Amino acid sequence: MAELVRFIARSLVDNADAVDVREVEGPDATVIELRVAPEDMGKVIGKQGRIAKAIRSIVKAATPKDAKPVFVEIV
């Protein structure tokens, strides 16, 4: 799942080398932390958070039904 988020983020930003994705496993859920360069933060979040919501929707749709929930946090 982290590779999917990495691919999407790298295609959105100008500085693709600064994209860092970490997957943190918890007892109840998995959290994917997305870090980008400060100047690319607006491109990942989008106007009124629309791109961030779209990334979260894609991850939710790609998560198997019997798996733990996966959340995306833009740090």
Side-chain angles (χ1 to χ4, degrees):
M1 202 62 65
E3 288 298 319
L4 175 64
V5 174
R6 183 176 290 116
F7 175 77
I8 293 169
R10 283 178 165 247
S11 64
L12 290 172
V13 299
D14 289 333
N15 189 1
D17 295 332
V19 173
D20 181 34
V21 178
R22 294 182 184 158
E23 195 166 344
V24 179
E25 293 283 336
D28 298 328
T30 302
V31 177
I32 297 176
E33 296 178 349
L34 172 61
R35 299 175 197 270
V36 296
E39 61 271 9
D40 289 329
M41 190 65 74
K43 293 177 183 175
V44 173
I45 296 173
K47 290 185 179 180
Q48 298 180 353
R50 289 183 182 160
I51 295 176
K53 287 179 189 175
I55 293 171
R56 290 181 178 119
S57 295
I58 291 170
V59 169
K60 186 175 180 179
T63 304
K65 290 188 180 212
D66 58 343
K68 293 188 290 187
V70 179
F71 299 105
V72 177
E73 289 186 1
I74 301 171
V75 182

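Since the model is a prediction, treat every value here as computed from it, not as a measurement.
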Margin query: Can you list everything that forms a side chain to side chain donor-acceptor pair (under 3.5 Å) with Arg10? Sequence neighbours excluded, please.
Written below: none

Next item on the list: Using the test side chain to side chain donor-acceptor pair (under 3.5 Å), find all partners of Glu33 that sit at least two apart in sequence or belong to another chain.
Entry: Arg35

Next item on the list: Kindly indicate whether the side chain of Ile32, heavy atoms from C-beta on, has any atom under 4.5 Å from the side chain of Arg22.
Entry: no

Note to self: Show me the pairs that pass salt bridge (Lys or Arg N to Asp or Glu O under 4.0 Å) and involve residues 61-75, at least two apart or across chains.
What the structure shows: Glu25-Lys68

Check: Among all residues two or more places apart in sequence or in another chain, which pass the side chain to side chain contact (heavy atoms under 4.5 Å, CB included) test with Phe71?
Finding: Ala29, Pro69

Check: Same cluster or not: are Val31 and Val5 linked, directly or through other Ile, Leu, Val, Met, Phe, Trp or Tyr residues, by side-chain heavy atoms under 4.5 angstrom apart?
Finding: no

Margin query: For a quick test of reading the model, state the closest non-hydrogen atom pair linking Leu12 to Lys43 and the distance between them.
Written below: O-CD, 3.9 Å

Check: If you measure from OG1 on Thr30 to CE on Met1, what distance do you get to the nearest 0.5 Å?
Finding: 8.5 Å

Check: How about Ile45 and Ile51: do any of their side-chain heavy atoms sit closer than 4.5 Å?
Finding: no

Margin query: My understanding is that only residues two or more places apart in sequence, or in another chain, count here; which of them pass side chain to side chain contact (heavy atoms under 4.5 Å, CB included) with Asn15?
Written below: Asp17, Ala18, Ala37, Glu39, Asp40

Notebook entry, point to check: Is Val13 reachable from Met41 through a run of hydrophobic residues whose side-chain heavy atoms are each under 4.5 Å from the next?
Noted result: yes

Which donor-acceptor pairs under 3.5 Å do side chains of residues 54-64 form with protein atoms, sequence neighbours excluded?
from	atom 1	to	atom 2	distance (Å)
Arg56	NE	Val72	O	2.9
Arg56	NH2	Val72	O	3.3
Ser57	OG	Lys53	O	3.0
Thr63	OG1	Val59	O	2.7

